[in-house]
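Below is one structure, written out as structure tokens, with a few remarks after it.
No experiment lies behind these values; they were computed from the predicted model shown. Values below: every heavy atom of this structure, side chains too, minus hydrogens, waters and symmetry copies. Every chain is numbered from 1 and lettered A, B, ... according to where its sequence line falls, protein lines coming before strand lines.
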Amino acid sequence: MELSKNYIPTDVETKWYAHWIEKGYFNSKPDDRDPYTIVIPPPNVTGVLHMGHCLNNSIQDILVRRARMMGKNACWVPGTDHASIATEAKVVAMLRERGIAKSSLSRDEFLSYAWEWKEKYGGIILQQLRKLGCSLDWDRTSFTMDPDYYQSVVKVFNDLYAKGHIYRGKRMINWDVRAKTALSDEEVIYKEVQSKLYYIRYRIDTGSESHQEYITIATVRPETIMGDTAICVNPIDERFKHLHGKFAFVPLINRRIPIIPDEYVEIDFGTGALKVTPAHDINDYQLGQKYQLEIIDTMNDDGTMSEASQIFIGEDRFDVRKKIIPELESAGNLVKIEEYTNQVGFSERTDAVVESRLSLQWWVSMKAISEPALKAVMDEEINFHPSKFKNLYRHWMENIKDWCISRQLWWGHRIPAYYLEDGSFVVAHSLEEAFEKFKIQNSKVQIEDIKQDEDCLDTWFSSWLWPFEVFKGLSEPGNAEVKYYYPTNTLVTAPEIIFFWVARMIMAGYEYQGEKPFSDVYFTGIVRDKQGRKMSKSLGNSPDLLGLIDQYGADAVRFGIMIASPAGNDLLFDESSLEQGRNFNNKLWNALKLLKMWEARQADLSTDLKNDFAINWFENRLHTVKAEVEVLMQQFRLSEALKIIYSLVWDDFCSWYLEWIKPGFEKPMDKAVYQRTVTYFEELMQLLHPFVPFITEEIYHLLDEQSDDLCMKQNQPIKVANESITAAGELLKNVISALRDARNKNQLKPKETIKLHIQSENISSYQDIEKILAKQVNAEETKFTTEPIANSIVVAIEKDKFFIETEKVLDATTLKAELLKDLEYQTKFLQSVSLKLSNERFVQNAKPEVVDFERKKQADAEARIKTIEESLGNLN
RNA sequence: GGGAGCAUAGCUCAGCUGGUUUAGAGCAUCUGCCUUACAAGCAGAGGGUCCGCGGUUCGAACCCGUGUGCUCCCA
């Protein structure tokens with residue numbers, strides 16, 4: 001079989017994914033094994049694969065594949081989130097393009113467009129995850145608006161309402177005037193903007209026309225003055241003391257409003273006098289509550305002025321901000337205008353400036369249900385990785401605020417509250433149940449008179465049920481699946497949704513399953529570009545992932561993302577790491593080609609494997625790394641695990657081991673050594689498989705006839721490493737490197753052979769490795785010596801000396817310079833060690849093994865210095 | 001304004017219990033190699049005021065204080 005020069009991923013990846021699916025390897029059913037369960041953080045149904053998903057899902061796939069290879073019944077559940085605001089926005093935009101306004105459609109018409117759109121474009125991302133190699137159980141694909149799921153959301157709403165955790169209340173909310181919906185605090189993004197601060201004077205009611213007096217306030221929002229119902233000053237502010245209890249007139253509309261004292265006002269800000277507009281500012285609202293001020297809502301839900309404004313009715317708030325200034329000026333109320341920088345809230349979804357607005361909304365009271373959720377994380381019933389997020393979580397949970405769950409949208413779970421014309425309402429599972437409930441109060445009620453709430457629930461009100469509802473834990477309580485798979489094992493998600501989603505899932509888990517939803521939460525970093533900017537559509541710095549997969553292969557993309565992704569830190573994405581991944585795959589491919597060459601050249605040379613240094617050493621290294629990987633994976637240090645496997649493969653296996661066992665030019669390969677090497681290569685592929693599943697499966701099958709697939713191959717127990725072999729290997733590597741360096745520095749061409757003389761008190765330690773050493777430094781012969789060899793290059797490693805004898809004329813100055821440099825280093829080193837040892841307090845206080853180690857360092861340095869001095873003497 | 005975190009080589013990061021480190025890795029850089037698996041490669045090398053200052057200690061990249069700079073979350 002002819003293998004291509006370089007590894008070509010495309011066909012290989014398609015072939016193996018289809019094979020795995022055909023075999024049903026990713027499908028899980030409850031059995032007597034332990035489960036290992038992950039539920040995917042459901043991407044938006046409208047989503048397309050971006051870097052964040054790629055990182056997140058690569059991590060999940062690594063965890064799931066590894067669990068599957070460790071004898072667990074691995075189950076990774078896919079699905080999508082209906083994402084009410086984002087999806088509705090896309091559908092509205094799509095309709096607008098077709099010339100259809102949402103307002104011209106009935107709810108049912110709009111929803112049929114939305115479903116049509118969802119069926120057509122929704123779930124593209126799930127197809128893309130297949131390309132990435134994700135081993136999801138596709139038969140379990142869920143959607144947060146599936147009929148059962150819908151029922152469970154309704155059930156939870158009814159239940160929380162019955163328990164008194166859901167209430168309806170008029171509250172100050174963030175209002176998106178473009179989407180005409182309420183936003184949670186988390187959906188508001190504050191940005192610094194350049195504004196103007198307007199100084200406006202209000203005439204005081206002095207009771208006399210002749211005596212004119214004014215109070216000047218400063219505001220960035222002059223368009224809201226029509227909603228003013230008070231002016232507030234600080235009670236200790238001397239400038240205004242005489243005005244306490246007096247009244248002033250709102251400019252242009254002449255409303256008479258009280259001047260009230262309250263500590264809330266900062267004396268130093270603006271003029272020290274604050275206009276109070278309870279309908280349009282959260283702080284003013286609180287002042288209004290405190291002093292029972294009138295609330296005048298001067299704005300419509302689309303950001304235009306309402307009837308209550310008296311002037312500028314129907315005009316947009318920002319137009320009014322401009323138009324009102326000349327009017328104030330001609331009325332003599334404008335004092336001055338200053339430049340001012342302030343923080344303004346923008347809608348995360350529509351980027352419209354958010355209004356504070358009073359509105360009747362549905363709320364979840366969080367205090368009671370959040371307590372077990374806080375405790376679970378604090379007591380490490382649920383473990384956060386990295387643990388620094390525990391603090392953040394505690395801070396938020398201890399200051400938790402009620403959750404506004406209604407959204408003025410159609411796409412989503414419609415709020416199961418039902419109203420009569422008179423405003424009375426019931427919460428019910430269905431219209432019929434609502435009818436029954438109303439009939440108890442009033443037997444004359446007709447079912448046609450009942451109207452369901454027009455609003456939808458916040459998307460997170462359904463996704464907080466995800467870890468159990470994907471197993472129908474609420475629609476079919478206590479079923480065999482939920483009993484087997486719940487609680488799930490690991491949740492992998494981004495830290496920015498720790499409160500939106502993670503915290504709420506924990507709450508719902510305890511409330512509805514009486515148990516935590518997962519044991520570990522792994523927080524990935526945020527994916528940024530090379531310059532450290534967050535990847536986003538608007539910046540256009542998000543690379544085309546499918547393009548990258550086509551270009552480099554999915555394995556290389558996974559590798560590139562994982563190698564650069566330290567646990568809990570942000571990932572600075574750079575395409576060069578994908579190149580590193582591609583190069584690594586190519587390295588694996590070439591190692592395969594080398595083995596295939598040897599396969600054809602096998603002969604029975606009866607090598608004694610038990611006593612072969614290279615064989616023993618590599619087995620040792622393999623098991624050492626396996627054990628290290630085990631520990632790192634338990635700590636979720638995936639990036640580091642991949643790094644040490646990378647180094648094991650590239651350095652230990654390819655650069656050292658394969659070179660050590662390589663037969664001479666056109667010599668045969670020992671059959672036993674070859675077979676053992678195939679086994680090692682297979683084990684490497686197995687270790688690597690969770691990270692780069694495609695190429696490892698391909699190589700596994702090309703190495704040998706296999707009766708199974710690597711993807712399902714079970715890991716073997718790890719052997720305890722023999723440290724003396726590891727140490728001998730390290731010594732060998734050091735000696736080879738030092739001798740090669742010496743060759744390089746003395747300009748010996750790689751092809752020029754040398755004679756190597758070894759001077760050591762411990763000759764036996766070189767017996768096993770002598771042949772390898774000779775081959776690796778291109779020595780035609782090696783001898784042991786007790787005397788220095790004249791006219792040779794000297795290399796000292798620990799207490800041993802190596803003399804390189806060559807026919808080439810050596811440059812004594814170079815040799816001398818090298819030795820002097822080394823001598824200087826060793827002398828300084830010896831000084832620092834001796835200084836430490838001569839410090840009595842060190843010797844007294846430090847642990848004995850530390851002192852012993854310092855003594856060893858001292859002795860070694862002294863020996864080295866002696867060697868170098870001898871060699872220098874030899875040169876002269 | 002409140003909270004959390006970070007600062008180590010050109011870049012991205014390790015360094016877990018203060019002592020196997022006059023600080024390590026990968027990438028990048030430089031030098032030499034078309035060596036019959038691989039130039040997407042091989043063999044080597046150079047590169048650091050561990051952000052500044054002060055303290056604790058026999059001993060500090062690590063602990064404490066302080067200053068500076070940056071990032072994120074919340075208001």
Side-chain angles (χ1 to χ4, degrees), chain A residues 3 5-7 185-186 188 190 266 282-283 343 345 386 388-396 398-399 401 495-496 498-499 525-526 528 530 532 534 552 556 560 563-574 576-577 579-598 631 635 637 639-640 642-644 646-647 650-651 654-655 658-659 662 665-666 736-745 747-751 776-778 825-833 835-847 849-854 856-857:
Chain A
L3 295 178
K5 185 174 183 307
N6 290 327
Y7 174 63
D185 289 346
E186 289 83 0
V188 178
Y190 289 87
E266 279 178 52
I282 182 73
N283 297 309
Q343 298 278 317
K388 66 181 178 189
F389 289 112
K390 256 175 85 174
N391 283 339
L392 196 69
Y393 181 82
R394 188 185 54 218
H395 188 257
W396 192 77
E398 283 174 351
N399 297 289
K401 290 183 206 132
E496 61 233 44
I498 184 167
F499 309 125
I526 295 165
R528 299 174 178 282
K530 243 173 143 176
K534 199 168 163 172
Y552 294 96
I563 202 81
S565 185
N569 275 7
D570 287 355
L571 159 73
L572 267 78
F573 178 76
D574 183 351
S576 70
S577 68
E579 222 169 285
Q580 194 187 347
R582 183 199 57 186
N583 294 355
F584 180 53
N585 288 339
N586 203 43
K587 187 75 184 175
L588 294 173
W589 188 249
N590 277 292
L592 172 72
K593 275 163 63 188
L594 179 63
L595 260 72
K596 286 283 131 184
M597 252 179 63
W598 290 345
V631 172
Q635 298 171 337
R637 297 163 78 168
S639 182
E640 281 170 67
L642 178 57
K643 274 179 191 166
I644 64 169
Y646 173 82
S647 166
W650 199 306
D651 303 329
C654 293
S655 296
L658 290 180
E659 293 301 328
K662 191 182 258 181
F665 185 56
E666 288 187 342
I736 292 169
S737 293
L739 292 175
R740 280 173 174 169
D741 185 31
R743 289 184 56 121
N744 250 354
K745 290 213 166 98
Q747 283 156 355
L748 289 174
K749 289 253 150 51
K751 277 183 178 164
Q776 292 275 279
V777 300
N778 199 14
Y825 178 91
Q826 293 298 335
T827 313
K828 276 192 185 164
F829 181 71
L830 179 63
Q831 261 171 23
S832 79
V833 176
L835 193 72
K836 221 179 202 180
L837 283 167
S838 63
N839 182 340
E840 269 175 45
R841 291 201 285 180
F842 168 70
V843 182
Q844 278 163 20
N845 293 324
K847 279 179 275 181
E849 58 267 33
V850 174
V851 179
D852 284 349
F853 186 74
E854 291 299 317
K856 187 181 175 297
K857 286 203 301 202

Query - Spacing of A:Asn778 atom CG relative to B:rG44 atom P, expressed in whole Å - result: 14 Å
Requested in this report: Could you please name the option among B:rC73, B:rA37, B:rG44 that lies closest to any side-chain atom of A:Asp741?
Outcome: B:rG44
**Report entry** Rounded distance in Å between the C1' positions of B:rU22 and B:rA28
**Finding:** 26 Å
Report task. Confirm from the modelled atom types if A:Lys587 and B:rC38 form a donor-acceptor pair under 3.5 Å, side chain to base only. Result -> yes
Query raised in the report: Does any nucleotide pair with B:rU35 by Watson-Crick or G-U wobble geometry, both distances under 3.5 Å, and what is it?
Result: none
**Report entry** Side-chain-base donor-acceptor pair under 3.5 Å for A:Gln776 and B:rA43
**Finding:** no
Query - Nearest-angstrom distance from the residue atom CG of A:Asn590 to C1' of B:rC34 - result: 15 Å
**Report entry** B:rA39 OP1/OP2 closer than 4.0 Å to side-chain N/O of A:Lys5
**Finding:** yes
Query - Residue mapping more 5' on RNA chain B - nearest nucleotide basis, A:Met597 or A:Phe584 - result: A:Met597
Query raised in the report: Roughly how far apart, to the nearest Å, are B:rG26 and B:rC42 at atom P?
Result: 12 Å
Query raised in the report: What integer number of Å spans the C1' atoms of B:rG24 and B:rG48?
Result: 11 Å
Query raised in the report: Taking atom P of B:rA75 as reference, at what distance in whole Å does atom CG of A:Leu392 sit?
Result: 12 Å
Query raised in the report: Expressed in whole Å, how much space separates the P atoms belonging to B:rA7 and B:rA61?
Result: 15 Å
Query - Evaluation steps, side chain to side chain contact (heavy atoms under 4.5 Å, CB included), between A:Ile498 and A:Tyr393 - result: CA-CA 8 Å; A:Ile498 184 167; A:Tyr393 181 82; 4.2 Å; yes
Requested in this report: Sort out the partner of B:rG59 for me: Watson-Crick or G-U wobble, both distances under 3.5 Å, none otherwise.
Outcome: none
Requested in this report: Applying side chain to side chain contact (heavy atoms under 4.5 Å, CB included), name anything that partners A:Lys751, two or more places apart in sequence or on another chain.
Outcome: none
Query - Spacing of A:Asn839 atom CG relative to B:rA60 atom P, expressed in whole Å - result: 11 Å
Query raised in the report: What does B:rC72 pair with, Watson-Crick or G-U, if both distances are under 3.5 Å?
Result: B:rG3
Report task. Using a 4.0 Å heavy-atom cut-off across all strands, classify A:Glu398 as base, sugar-phosphate, or nothing. Result -> nothing
Report task. Could you check which nucleotide pairs with B:rG44 in any of the strands shown, counting Watson-Crick or G-U wobble with both distances under 3.5 Å? Result -> B:rC30
Report task. Identify the nucleotide, in any strand shown, that forms a Watson-Crick or G-U wobble pair with B:rG18, with both distances under 3.5 Å; if there is none, say none. Result -> none
Requested in this report: Would you indicate what A:Ser647 reaches in the nucleic acid, counting non-hydrogen atoms under 4.0 angstrom: base, sugar-phosphate, or nothing?
Outcome: nothing
Query raised in the report: In whole angstroms, how far is the P atom of B:rA43 from the NZ atom of A:Lys662?
Result: 10 Å
Report task. Quick one: sort the A:Tyr646 and A:Trp650 rings into parallel, tilted or perpendicular, breaks at 30° and 60°. Result -> tilted
Report task. Round to a whole Å and report the spacing from NZ of A:Lys596 to C1' of B:rC38. Result -> 17 Å
Query raised in the report: A:Asn586 near the nucleic acid: base, sugar-phosphate alone, or nothing, with a heavy-atom cut-off under 4.0 Å?
Result: base
Requested in this report: Take A:Phe584 and A:Gln580 through the test side chain to side chain contact (heavy atoms under 4.5 Å, CB included) and record every step on the way to the result.
Outcome: CA-CA 6 Å; A:Phe584 180 53; A:Gln580 194 187 347; 5.9 Å; no
**Report entry** Heavy-atom donor-acceptor pair, A:Asn586 side chain to A:Asn6 backbone, under 3.5 Å
**Finding:** no
Query raised in the report: Among side-chain atoms of A:Lys593 and A:Asn590, is any donor-acceptor pair under 3.5 angstrom?
Result: yes
Report task. Could you work out the separation of B:rG18 and B:rG59 based on their P atoms and round it to a whole Å? Result -> 16 Å
Report task. For A:Arg582, report the nucleic acid contact type (base, sugar-phosphate, nothing); a contact means any heavy atom under 4.0 Å. Result -> base
**Report entry** Closest-nucleotide ordering on RNA chain B, the 5'-leading residue of A:Val843 and A:Ala738
**Finding:** A:Ala738
Query raised in the report: Could you run down nucleotides 15-28 of chain B 5' to 3' and tag each one B, S or - for protein heavy-atom contact under 4.0 Å?
Result: SB--BB-B---SS-
Query raised in the report: Taking atom P in both B:rG47 and B:rA25, what distance in whole Å separates the two?
Result: 13 Å
Query raised in the report: Using 4.0 Å as the upper bound for N to carboxylate O, is an ion pair formed by A:Lys662 and A:Glu659?
Result: yes
Requested in this report: Name the pairing partner of B:rA9, where a pair is Watson-Crick or G-U wobble with both distances under 3.5 Å, or state none.
Outcome: none
Query raised in the report: Roughly how far apart, to the nearest Å, are B:rU8 and B:rU12 at atom P?
Result: 8 Å
Query - Nucleotide paired to B:rU49 in any strand shown, Watson-Crick or G-U, under 3.5 Å - result: none
Query raised in the report: Could you state the CG-P distance from A:Asn744 to B:rU35, rounded to the nearest angstrom?
Result: 16 Å
**Report entry** Nearest to side-chain heavy atoms of A:Lys401, which nucleotide of B:rA45, B:rA75, B:rC33
**Finding:** B:rA75
**Report entry** Separation between OG of A:Ser832 and CG of A:Leu837, rounded to the nearest 0.5 Å
**Finding:** 9.5 Å
Query raised in the report: Taking the side chain of A:Ser655 as heavy atoms from C-beta outward, which of B:rG41, B:rA37, B:rA43 is closest to it?
Result: B:rA43
Report task. May I ask you to decide if A:Val631's main-chain N or O and A:Arg637's side chain share a donor-acceptor pair within less than 3.5 Å? Result -> no
Query raised in the report: Can you tell me how far P of B:rA4 sits from CD1 of A:Ile498, to the nearest Å?
Result: 14 Å
Requested in this report: Provide the distance between the two P atoms, one in B:rC64 and one in B:rU17, to the nearest whole Å.
Outcome: 12 Å
**Report entry** Point-to-point distance, once rounded to the nearest 0.5 Å, from NZ of A:Lys401 to CZ of A:Phe499
**Finding:** 11.0 Å
Requested in this report: Could you tell me which nucleotide pairs with B:rA23 by Watson-Crick or G-U wobble geometry, both distances under 3.5 Å, or answer none if nothing does?
Outcome: none
